[in-house]
S.K.: 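Got a structure here, written out as structure tokens. Questions coming.
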Amino acid sequence: MSRFVEYFGVEPDGSWRAPGRVNLIGEHTDYNDGLVLPIALPNQITITASARTDGLISVASAGQDGVISFSLDSLAPGSVKDWAAYPAGAAWVLLQDKYEIGGANLLVESDLPSGAGLSSSAALLCATAVALLGLHDIEVDPAEVARLAQRAENQYVGAPVGLMDQMASMCCTAGHALYFDIRAMTTDQIPFEPAADGLALLVVDVKAPHRLVDGEYAARRNSCEQAAAQLGVPALRSIAFEELDDALARLSDDVDRRRVRHVVTEIRRVEDAVALLRAGNLRAVGPLFTASHASLRDDFEITVPELDVAVDTALAAGALGARMTGGGFGGCIIALVEASATDTILTAIDKSFADHGFTTPSALDATPSAGASRIS
Ligand code: ADP
Ligand code: MG
């Protein structure tokens with residue numbers, strides 16, 4: 001008997017999937033109206049589903065206890081808690097926008113680490129949304145599904161996240177990075193196929209415990225907003241790279257000055273990376289990764305020893321470039337490496353973590369993959 005039948009006692013109507021992501025470069029520029037460049041990972045959340053006629057949604061997740069049921073009629077922010085808040089939030093936002101979805105049985109399966117900065121939350125929201133829409137043959141533009149998933153995470157789950165994760169999960173295509181301009185709300189698919197150039201992109205989960213993340217995230221946002229207000233611009237995106245020195249001289253607070261320097265230089269690094277990728281010069285992107293890490297460590301101050309040690313070790317073992325990716329204070333690093341050097345570099349990171357007494361890290365394949373889709 002399939003796991004779905006075991007849980008729900010009926011055969012499924014179909015399966016849908018949505019991937020996790022890593023951002024190649026452009027960290028903490030999203031809430032400054034900046035530029036980001038994520039890829040979708042091969043790791044994903046899969047939802048197998050069947051329609052119900054009684055207005056109930058029943059959800060189960062491999063790795064979580066039991067089946068949780070809630071009625072579509074009584075959904076409101078906060079009405080469903082814990083992990084089931086994500087599927088409930090997706091249903092709630094679809095109903096709010098008058099999509100004619102009905103009840104459903106949903107089985108969640110995942111090979112995407114949760115809470116590791118690889119965006120399992122957005123993958124779960126996007127997978128639920130495409131499954132509920134797919135069950136009722138409702139076609140919605142992928143970028144619109146991303147906006148709905150963001151609204152669910154903001155308003156139902158209560159997490160003040162930007163739009164990058166959901167856009168990556170919905171709109172990425174295999175062999176490309178998604179160049180997303182948050183101010184203009186435009187996207188462009190940028191060819192990015194490390195394997196075709198004899199390269200590999202490594203993702204290493206450093207397994208560092210998150211420390212004070214919420215407060216630190218809010219503090220970074222406040223610094224950026226305060227600096228933008230003092231400079232008389234709506235967001236730091238308005239400060240051109242050429243105007244940076246002048247802007248820094250006009251700021252009174254030294255911490256704000258460093259935060260601004262990170263955001264403005266990081267936006268420039270995204271533009272540089274896109275130009276290099278368009279020219280087919282993948283290896284030259286490596287030093288931009290490394291410069292981004294230094295900026296996040298020294299100016300934005302969101303790295304932890306595990307992230308710095310992983311990056312330094314990857315570089316010492318021959319990586320072309322390496323940086324932390326995600327919100328910081330834990331999560332993952334990415335490293336651009338010669339494919340032939342992959343094992344050497346991963347072994348060096350393992351050894352270095354053992355020497356430092358850190359938890360053993362784990363590596364993922366980061367082949368640039370496709371966004372959400374129906375699979376059966
Ligand atoms: P990230 O998005 O970086 O993985 P978040 O804290 O934003 O981290 O989201 C993680 C949360 O998403 C988990 O605490 C859980 O509530 C939910 N989640 C992720 N994957 C699953 C899964 N396979 N089954 C149930 N809930 C999941
Ligand atoms: Mg998340």
Side-chain angles (χ1 to χ4, degrees), residues 3-4 7 15-23 27-28 30-31 36 38-49 57-70 77-78 80-91 105-129 131 146 149-170 203-218 302 304 307 324-334 362 364 366 372:
R3 192 181 269 175
F4 189 88
Y7 271 109
S15 285
W16 289 261
R17 54 168 287 280
R21 63 92 190 93
V22 287
N23 188 18
E27 223 63 83
H28 284 263
D30 56 345
Y31 51 82
V36 291
I39 59 161
L41 293 171
N43 298 64
Q44 61 195 22
I45 288 190
T46 302
I47 294 197
T48 306
I57 294 211
S58 286
V59 290
S61 171
Q64 304 278 344
D65 282 339
V67 176
I68 297 164
S69 294
F70 47 86
V80 179
K81 307 234 183 304
D82 299 324
W83 76 268
Y86 293 92
N105 296 311
L106 306 172
L107 175 63
V108 178
E109 291 169 293
S110 173
D111 64 0
L112 181 61
S114 162
L118 301 175
S119 206
S120 70
S121 58
L124 181 51
L125 283 159
C126 291
T128 310
Q150 183 204 15
R151 182 138 58 86
E153 194 155 359
N154 290 163
Q155 296 180 12
Y156 194 97
V157 179
V161 295
L163 184 57
M164 169 174 66
D165 300 353
Q166 299 80 2
M167 284 294 283
S169 193
M170 290 305 305
V203 174
V204 180
D205 177 355
V206 302
K207 305 272 179 73
H210 282 232
R211 307 167 184 117
L212 302 170
V213 184
D214 292 347
E216 295 288 352
Y217 180 79
I302 60 165
V304 288
L307 293 168
M324 60 146 282
T325 183
F329 303 101
C332 294
I333 69 143
I334 55 173
S362 68
L364 283 84

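Source: prediction; values computed, not measured. All residue numbers refer to positions in the sequence shown, counting from 1. Start at 1 and go down the list; that is how both ligands and their atoms are numbered.
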S.K.: Quick one: look up the protein heavy atom nearest atom 15 (C) of ligand 1 and list residue, atom name and how far away it is.
M.R.: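 Heavy-atom neighbour on the protein nearest atom 15 (C) of ligand 1: Trp83 CB, 3.9 Å.
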S.K.: Counting each atom of ligand 1 from 1 as listed, which ones have a heavy atom of Leu118 under 4.0 Å away?
M.R.: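 In order of numbering, the contacting atoms are 3 (O).
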S.K.: Got Arg21 and Met164 here, is their nearest side-chain heavy-atom distance under 4.5 Å?
M.R.: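 Yes, their side chains come closer than 4.5 Å.
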S.K.: Does any N or O in the side chain of Ser169 come within less than 3.5 Å of the main-chain N or O of Asp165, such that one atom is a donor and the other an acceptor?
M.R.: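 Absent.
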S.K.: Which of the numbered atoms in ligand 1 are below 4.0 angstrom from a heavy atom of Ser61?
M.R.: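 Taking each heavy atom of Ser61 in turn, ligand 1 has 22 (C), 23 (N), 24 (N), 25 (C) under 4.0 Å.
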S.K.: What do we get for Ser114 next to ligand 1 when only non-hydrogen atoms under 4.0 Å count, side chain, backbone, both or neither?
M.R.: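 For Ser114, backbone and side-chain atoms both sit under 4.0 Å from ligand 1.
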S.K.: Is ligand 1 less than 4.0 angstrom away from at least one heavy atom of Gly117?
M.R.: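 Yes, Gly117 has heavy atoms under 4.0 Å from ligand 1.
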S.K.: I'd like to know if the side chain of Asn43 and the backbone of Asp111 have a donor-acceptor N/O pair within less than 3.5 Å.
M.R.: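 Yes, because the side chain of Asn43 sits within donor-acceptor range (under 3.5 Å) of the backbone of Asp111.
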S.K.: Say whether, by atom type as modelled, one donor and one acceptor occur between the side chain of Thr48 and the main chain of Leu107 under 3.5 angstrom.
M.R.: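 Side chain of Thr48 to backbone of Leu107, a donor-acceptor pair under 3.5 Å: no, none is there.
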S.K.: Nearest to atom 23 (N) of ligand 1, what protein heavy atom do you find, and at what distance?
M.R.: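 Going by distance alone, atom 23 (N) of ligand 1 is nearest to Ser110 CB, 3.4 Å.
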S.K.: Where is the nearest protein heavy atom to atom 17 (C) of ligand 1: which residue, which atom, and how far?
M.R.: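 Heavy-atom neighbour on the protein nearest atom 17 (C) of ligand 1: Tyr86 CE1, 3.7 Å.
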S.K.: Tell me the contacting part of Ser121 for ligand 1: side chain, backbone, both, or neither, using a 4.0 Å heavy-atom threshold, strictly below.
M.R.: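 The answer is both, backbone and side chain.
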S.K.: Tell me whether Glu27 contacts the main-chain N or O of Gly326 through its side chain, where contact means a donor paired with an acceptor under 3.5 Å.
M.R.: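 A pair under 3.5 Å: yes.
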S.K.: Taking distance alone, with no angle check, do Gly115 and ligand 1 share an N/O pair under 3.5 Å?
M.R.: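 Yes; at least one N/O pair falls below 3.5 Å.
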S.K.: Considering non-hydrogen atoms of the protein only, which is the closest contact for atom 18 (N) of ligand 1, and what is the distance?
M.R.: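 Residue, atom and distance for the closest contact: Leu124 CD2, 3.8 Å.
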S.K.: Can you figure out which of Ser120, Ala116, Ala62 has its heavy atom closest to atom 4 (O) of ligand 1?
M.R.: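 Considering heavy atoms of Ser120, Ala116, Ala62, the nearest to atom 4 (O) of ligand 1 sits in Ser120.
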S.K.: For a distance under 2.8 Å, tell me if Ser121 has an N/O/S atom near the Mg ion (ligand 2).
M.R.: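 Yes.
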S.K.: Within the side chain of Gln155, is there an N or O that forms a donor-acceptor pair under 3.5 Å with the backbone of Pro77?
M.R.: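 It does not hold such a pair.
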S.K.: With distance as the sole test, does Asp205 use its side chain to make a donor-acceptor pair with the main-chain N or O of Cys332 at under 3.5 Å?
M.R.: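 Checking the backbone N and O of Cys332 against the side chain of Asp205, no donor-acceptor pair under 3.5 Å is found.
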S.K.: Side chains of Arg151 and Tyr156: does their closest heavy-atom pair fall under 4.5 Å?
M.R.: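 They are not in contact (no side-chain heavy atoms under 4.5 Å apart), so the answer is no.
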